[in-house]
Amino acid sequence: MGQYTENELAKDLENQDYKFGFVTDVETETIPVGLNEDIIRLISSKKEEPAWLLDYRLNAYKTWLTMSEPDWAHVRYKKPEFQKITYYAAPKQTKKYESWDDVDPEMKETMAKLGISLEEQKRLTGVAVDFVMDSVSVATSFKSKLKELGIIFCSFSEAVQEYPELVREHMGTIIPHTDNFYAALNAAVFTDGSFCYIPKGVRCPMELSTYFRINAGGTGQFERTLVVADEGAYVSYLEGCTAPQRDENQLHAAVVELKALKDAEIKYSTVQNWYPGDKNGVGGVFNFVTKRGLCETNAKISWTQVETGSAVTWKYPSCILKGDHSVGEFYSVAVTNNHQQADTGTKMIHLGKHTKSTIISKGISAGDSQNSYRGLVQIHKNAHKSRNFSQCDSLLMTDHCGAHTFPYIECKNPSAQIEHEATTSKIGEDQLFYCKQRGISEEKAISLIVNGYCKEVLNQLPMEFAVEAQKLLAISLEGSVG
Amino acid sequence: MEEVLTQTKFDILRTGLRPTALNISDALKEKANNVLNYSDFPTRKNEAWKYTNVNGLNKLVFDGKNIPISEPFTIANRSKKIHITNGQVSEGQSAIPGVKTSWDVLPEFFTDDPFDALNALYCTSAIQVEFDDSENETIELIFENTANSAIFPRLFIQCNKGAKGTVILNFQGAEQNASFINVSTYVNVGENANLSIHKIQKNGADTFDLQREYVDQAANSTFTMNTFPLSGRLTRNDLKINVNGNNCETFMNGAYTLKGKSHCDNHTTVDHKVAHCYSKELYKGVIDDRATNVFNGKVFVRKDAQKINAFQSNANILLSDTGTVNSKPELEIYADDVKCSHGSTTGQLDDEAVFYLRSRGLSEKAAKELLVKAFLGEVLEEVENEEVKSYVEAQIEKHFSA
Amino acid sequence: MIEIKNLHANIEGKEILKGLTLTVNAGEVHAIMGPNGAGKSTLASILAGREEYEITEGEVTFEGADLLDLSTEERAHLGLFLAFQYPVEIPGVSNVNFLRTAINETREAKGEDPISAKEFMAMVREKSKIVELDSKLASRSVNEGFSGGEKKRNEIFQMAMLNPKLAVLDETDSGLDIDALRIVANGVNTLKSADNASIVITHYQRLLDYIVPDFVHVLHDGKIVKTGNKDLALELEEKGYDWIKEETQVG
């Protein structure tokens with residue numbers, strides 16, 4: 001039984017609207033709107049970056065100019081006007097935070113509203129949190145304790161200053177700036193993000209966590225996360241996202257790169273709750289994210305995501321199983337309601353021998369939304385005795401939403417075993433009736449059944465996140481049965 | 001504004017083809033020309049042709065060299081037969097009621113597919129088969145390809161209201177044959193009708209065979225399509241079924257045995273436009289040597305098409321290190337009260353089972369053959385026509401003994 | 001407790017109940033027997049509030065309220081319990097989570113505080129003994145992977161937890177071997193009190209050896225055509241239903 005009581009759920013259900021739709025009143029420093037080489041130079045100089053990084057950005061920008069927006073996903077949206085976006089917005093701040101006490105009280109309040117009570121978490125759960133608001137990392141807690149173990153966990157900008165060799169060595173090696181339109185854009189204009197390095201043989205004793213928030217209007221968020229687990233290391237990393245309610249579509253184009261060296265393990269969990277737009281599909285975040293991990297020999301990367309927010313989501317956290325005996329996992333719950341559109345899934349690229357991948361995807365469509373699973377399982381010639389198991393289920397809540405499954409299975413090795421199963425069905429009338437006969441209201445019965453349906457995925461999340469995810473599911477499906 | 005491409009691969013292909021001797025309307029000719037003028041061979045970027053490359057078509061030489069087929073190849077004894085030799089309806093055949101082979105002008109059916117356009121413009125024979133009563137007659141079209149030639153049959157199969165019928169499309173070519181077979185088949189299944197089509201593609205090792213079936217089903221009808229690509233350099237089947245009426249049943253089965261450099265691509269689409277229908281699809285095959293199999297099955301359930309049960313399954317056994325399997329089962333669903341599922345598996349034969357059989361005295365080869373036959377047997381179980389079933393069984397047997 | 005008057009009901013235009021009248025008082029056990037298709041399960045479904053049925057005539061009063069006017073969950077809150085003929089599986093939802101939600105929703109409807117975790121767990125331990133239900137089943141998903149007998153025992157376990165005023169047991173004996181039948185019946189008997197009542201719907205007399213009814217009604221062609229005591233069940237067992245059918249036709 002979860003710690004989360006039904007009563008708490010009921011309270012949350014009362015809150016019909018997007019609960020993270022507030023705007024924090026902190027002064028923001030922005031740069032002129034639009035995108036050109038000068039803007040990129042400006043971003044780079046504001047961040048006091050070394051020359052190689054500026055070159056990297058400019059190079060990416062040049063590549064981006066030659067690329068066109070991808071159009072193969074099962075989503076429709078008005079293309080962002082890239083010259084109308086502000087590419088840098090930072091809470092105005094003259095000095096860097098030395099300690100938690102230095103953080104702006106307004107900002108602390110924002111975090112509290114988001115449920116990231118850092119003090120509390122420090123004490124109770126030992127989660128170290130990095131908080132990125134409008135592209136700039138504002139606080140990283142618990143740093144000293146991590147330092148003792150040689151773990152680096154800081155904002156990306158700080159890493160660029162403090163550990164330039166590490167950043168330079170790994171950045172862009174898994175997702176090159178040429179990878180796709182939005183990855184190129186990110187490489188050109190990214191403003192901050194998180195960096196994490198776990199040294200050889202170290203098991204990170206606490207969950208590392210980053211919260212991303214878009215606060216200022218008219219801005220895009222382009223953060224970059226790089227997690228490197230050295231040989232035999234282990235880390236569990238959490239990522240949460242929110243944004244205020246705005247009528248405009250805000251762009252979020254992030255890049256996340258994971259590198260699990262020999263025998264290392266990275267668990268990466270996301271609860272994505274960007275503002276989804278209102279009931280009529282006005283506003284909301286465009287969430288175009290590139291996430292990929294590389295596994296060396298015997299390494300393991302596990303992606304878990306609960307996607308409830310964003311107007312349009314386009315996201316395929318992937319694993320390159322390069323080393324023999326490496327393991328990739330993808331557990332996903334994607335809920336769409338009203339006019340949301342999600343096209344999400346994974347790519348499992350099996351290169352090494354005896355590599356193994358598991359894909360569990362649960363899609364829930366409600367309202368007028370469109371929810372697609374898109375996934376690739378690719379077994380290369382030398383990936384002897386590799387295995388994949390995929391299970392993709394879709395649940396439909398109304399007769400005007402859509403649920404789609406587009407798996408691509410490519411096999412070039414005879415000793416591989418690939419199994420893919422998918423089902424699509426309506427939420428069970430019999431189950432609803434059974435619950436109601438036992439005195440459970442329809443709304444609560446749906447929440448119960450949906451949570452049960454997603455159990456396999458929710459079980460992968462660390463406890464605090466699982467509780468939050470359950471609440472989010474309930475809120476997202478408010479009044480969803482048509 | 002689209003610009004006319006300078007010289008497309010279609011243009012090159014067309015230089016070696018002889019325009020149809022049949023009478024086609026100016027309207028159809030114009031439509032077909034229009035499509036071809038703005039098309040080129042599909043490439044990887046074209047989602048429907050992601051895994052299949054047809055460039056080899058332009059390497060074929062239609063020299064008419066005669067290569068007789070050595071073995072007998074009619075499938076059904078009980079069927080009425082029409083022989084089509086190298087694309088032409090053989091002369092001197094006695095008329096069969098319901099079958100039409102001569103035309104004042106070709107029917108206007110047309111889709112925007114460039115290969116259908118090609119088929120219309122270079123049509124070598126047009127045959128209509130019409131079923132009018134519930135007797136379940138079997139009509140077998142025997143396409144006997146004894147020369148390296150370009151063959152463009154255009155078929156119209158009509159199963160009228162309440163009628164029952166079976167059609168066998170029997171494509172045969174000698175092993176050395178290098179032809180281009182391009183078939184468009186338009187199928188109409190009337191209300192309460194029941195139509196089965198069995199298609200056997202036993203082509204020469206260098207033959208390209210591109211086929212399309214466009215099927216429309218009216219209410220309360222049953223349609224079965226069994227496809228057996230047994231040999232050929234490249235085989236591509238596009239089966240598109242529109243289920244337009246309520247209470248329909250649709251069955252699609254396929255079994256393939258690929259070896260050498262064979263490339264086989266089965267694309268199927270079943271489009272459930274209305275409520276209360278059932279569809280079931282089962283495609284299974286074994287891939288050996290450097291062969292490649294592509295499967296793409298799509299199930300559409302349109303808005304308001306409630307109470308649809310749709311099942312789709314694709315299973316592959318990869319026998320060699322150099323073979324490739326690409327499988328893409330898709331569901332696209334816009335109604336909520338549905339039960340749809342698909343599954344896809346790719347793997348090798350169960351080592352344990354092979355070992356078990358060997359421990360009972362079977363040779364490794366015999367053990368594998370037995371298991372493969374059992375694997376494909378599931379598809380053959382679905383074939384009602386005993387003669388087709390035993391023919392395909394025999395071909396599978398031969399495939400492994402060769 | 002419950003008063004059903006002249007109840008008529010259709011499903012998809014077909015009339016199933018054709019004027020059924022039945023009164024059940026607190027402390028009573030009523031058995032409803034009848035041949036297949038008589039309308040037994042329809043009655044259970046209508047009492048619980050399945051929406052596929054259309055009530056064309058008649059009324060049902062339960063605990064002073066107009067039952068037909070209430071939603072399924074409101075009926076449950078008032079103390080109506082249906083033991084399903086085919087209990088439904090709910091993957092991923094544990095039995096205890098399910099039951100705690102059910103109990104708390106009912107409490108909330110009555111304006112009571114939610115049950116404490118401690119009290120709840122104590123209750124689970126106590127009540128699961130009644131039907132000899134393995135405590136492991138309590139933490140498993142609702143009915144998922146349960147055997148037929150376990151499902152039926154789970155129904156009675158839920159009944160014990162929810163402590164209803166009126167329990168309607170729909171063919172609870174179907175598919176049970178003699179041991180499971182004994183356990184289920186034992187459970188039902190243990191829960192019997194002067195304040196509650198039950199309606200036992202069954203096709204066979206077998207169950208009534210264990211749950212002794214105060215009244216036995218024969219349902220035929222949508223109506224109760226004969227009422228008697230437990231001896232009537234024995235008579236039906238011996239002679240079948242044909243004589244009832246004949247009698248009804250003559251009458």
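Letters go in sequence order (proteins before strands), and every chain restarts at 1. Just so it is clear, the values below take in all heavy atoms, side chains as well, and ignore hydrogens, waters and symmetry mates.
- Residues A:P414 and B:I287 have side chains not in contact (no heavy-atom distance under 4.5 Å, counting atoms from C-beta outward).
- Residue with the most contacts toward chain A among B:V299, B:L319, B:L331, B:L349: B:L331 (heavy-atom pairs, distance under 4.5 Å).
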Any idea which donor-acceptor pairs are under 3.5 Å between chain A and chain B?
from, atom 1, to, atom 2, distance (Å)
A:H74, NE2, B:Y334, OH, 3.2
A:A403, N, B:I333, O, 2.8
A:A403, O, B:I333, N, 3.0
A:H404, ND1, B:I333, N, 3.1
A:T405, N, B:L331, O, 2.7
A:T405, O, B:L331, N, 3.0
A:Y408, OH, B:E47, OE2, 2.7
A:Y408, OH, B:K328, NZ, 3.2
A:I409, N, B:S327, O, 2.7
A:I409, O, B:S327, N, 2.6
A:E410, OE2, B:Y51, OH, 2.2
A:C411, N, B:V325, O, 2.6
A:C411, O, B:V325, N, 2.7
A:K412, NZ, B:T324, OG1, 3.3
A:I418, N, B:T346, O, 2.7
A:I418, O, B:T346, N, 2.8
A:H420, N, B:S344, O, 2.7
A:H420, O, B:S344, N, 2.8
A:H420, NE2, B:H342, NE2, 2.7
A:A422, N, B:H342, O, 2.8
A:A422, O, B:H342, N, 2.9
A:T424, N, B:C340, O, 2.7
A:T424, O, B:C340, N, 3.0

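- Contact record, A:P407 with B:P329: CD-O, 2.6 Å, taken as the closest heavy-atom pair.
- Other residues, nucleotides and ligands place more than 12 heavy atoms under 6.0 Å from the NZ atom of A:K455.
- The candidate from A:A416, A:C401, A:G402, A:A422 with the greatest count of non-hydrogen atom pairs under 4.5 Å with chain B is A:A422.
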